[in-house]
Amino acid sequence: MASVVFVETNGNRHEVETDQNESLMQIAIDNGVPGIDGDCGGACACGTCHVLIDDQWLKKMNPVNESEENMIEMAPDRSEQSRLACQIQLNESLDGIVVHLPEYQM
């Protein structure tokens, strides 16, 4: 089991316990987390799963690839912490990750 905490801009927290080895996008969708639409189904072809990740967790992830960077560039709230949830696979090293949802997606 691993846990993910999705935090809305208003402070509402969605704590999810899962044994899924899925993307954060799929976990959010499966658990009704608002603000994660995943319109492209996880193909890294939109930006509707844009999330903000704290630096401590970013260091544990693979770097952003070119396709993801191209999608993030279109996000109005993009920052150094921007990632697409479809590109982040939950694994043991990410157990307990806190994911912030950008205001414009809420």
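This is a predicted model, so every value here is computed, not measured. These numbers come from the heavy atoms of this one structure, side chains and all, not from hydrogens, waters or symmetry mates.
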Please tell me whether I27 and M61 are part of a single hydrophobic cluster in this structure, the criterion being side-chain heavy atoms less than 4.5 Å apart.
yes
Partners of S82 by side chain to side chain contact (heavy atoms under 4.5 Å, CB included), sequence neighbours excluded?
H50, L52, I72, R78, S79
Which heavy-atom pair separates N12 from N10 by the least distance, and what is that distance?
N-OD1, 2.9 Å
Closest non-hydrogen atoms of I29 and G38, given as atom of the first, atom of the second and distance, are CD1-CA, 4.2 Å
Which heavy-atom pair separates G47 from Y104 by the least distance, and what is that distance?
O-OH, 3.9 Å
When rounded to the nearest 0.5 angstrom, what distance separates OG1 in T48 from CD1 in I36?
8.0 Å
Give, for atom CD of Q87 and atom CD of E69, the distance between the pair rounded to the nearest 0.5 Å.
12.0 Å
Shared hydrophobic cluster for W57 and V51 (ILVMFWY, side-chain gaps under 4.5 Å):
yes
Considering non-hydrogen atoms only, spot the tightest contact between S67 and C44 and give its length.
C-SG, 3.7 Å
Closest approach of P102 and T9, non-hydrogen atoms and distance?
C-CG2, 3.8 Å
Nearest-0.5 Å distance that lies between atom CG in L24 and atom OG1 in T18
10.5 Å
Mind checking whether L84 and M25 have side chains closer than 4.5 Å, heavy atoms only?
no
Indicate if V16 and L101 have the same hydrophobic cluster label, given that clusters are the connected sets of ILVMFWY residues with side-chain heavy-atom separations under 4.5 angstrom.
yes
Identify the heavy atoms of S23 and A85 that sit nearest to each other, and give their distance.
CB-O, 3.6 Å
Modelled atom types, side-chain donor and acceptor of D54 and Q81, under 3.5 Å:
no
At what distance, to the nearest 0.5 angstrom, does CE of M74 lie from SG of C46?
9.0 Å
Is it the case that atom CD in E73 sees more than 12 heavy atoms from other parts of the structure closer than 6.0 Å?
yes
V64 reachable from I88 in the ILVMFWY side-chain graph, under 4.5 Å edges:
no
What donor-acceptor contacts under 3.5 angstrom involve side-chain atoms of residues 92-100, with partners at least two apart or in another chain?
from: S93; atom 1: OG; to: N91; atom 2: OD1; distance (Å): 2.6
from: D95; atom 1: OD1; to: S3; atom 2: N; distance (Å): 2.7
from: D95; atom 1: OD1; to: S3; atom 2: OG; distance (Å): 3.4

Any heavy-atom pair between the side chains of L58 and R83 that's under 4.5 Å?
yes
Take N31 and H14 through the test side-chain contact (heavy atoms from CB on, under 4.5 Å) and record every step on the way to the result.
CA-CA 9 Å; N31 289 278; H14 304 270; over 6 Å; no
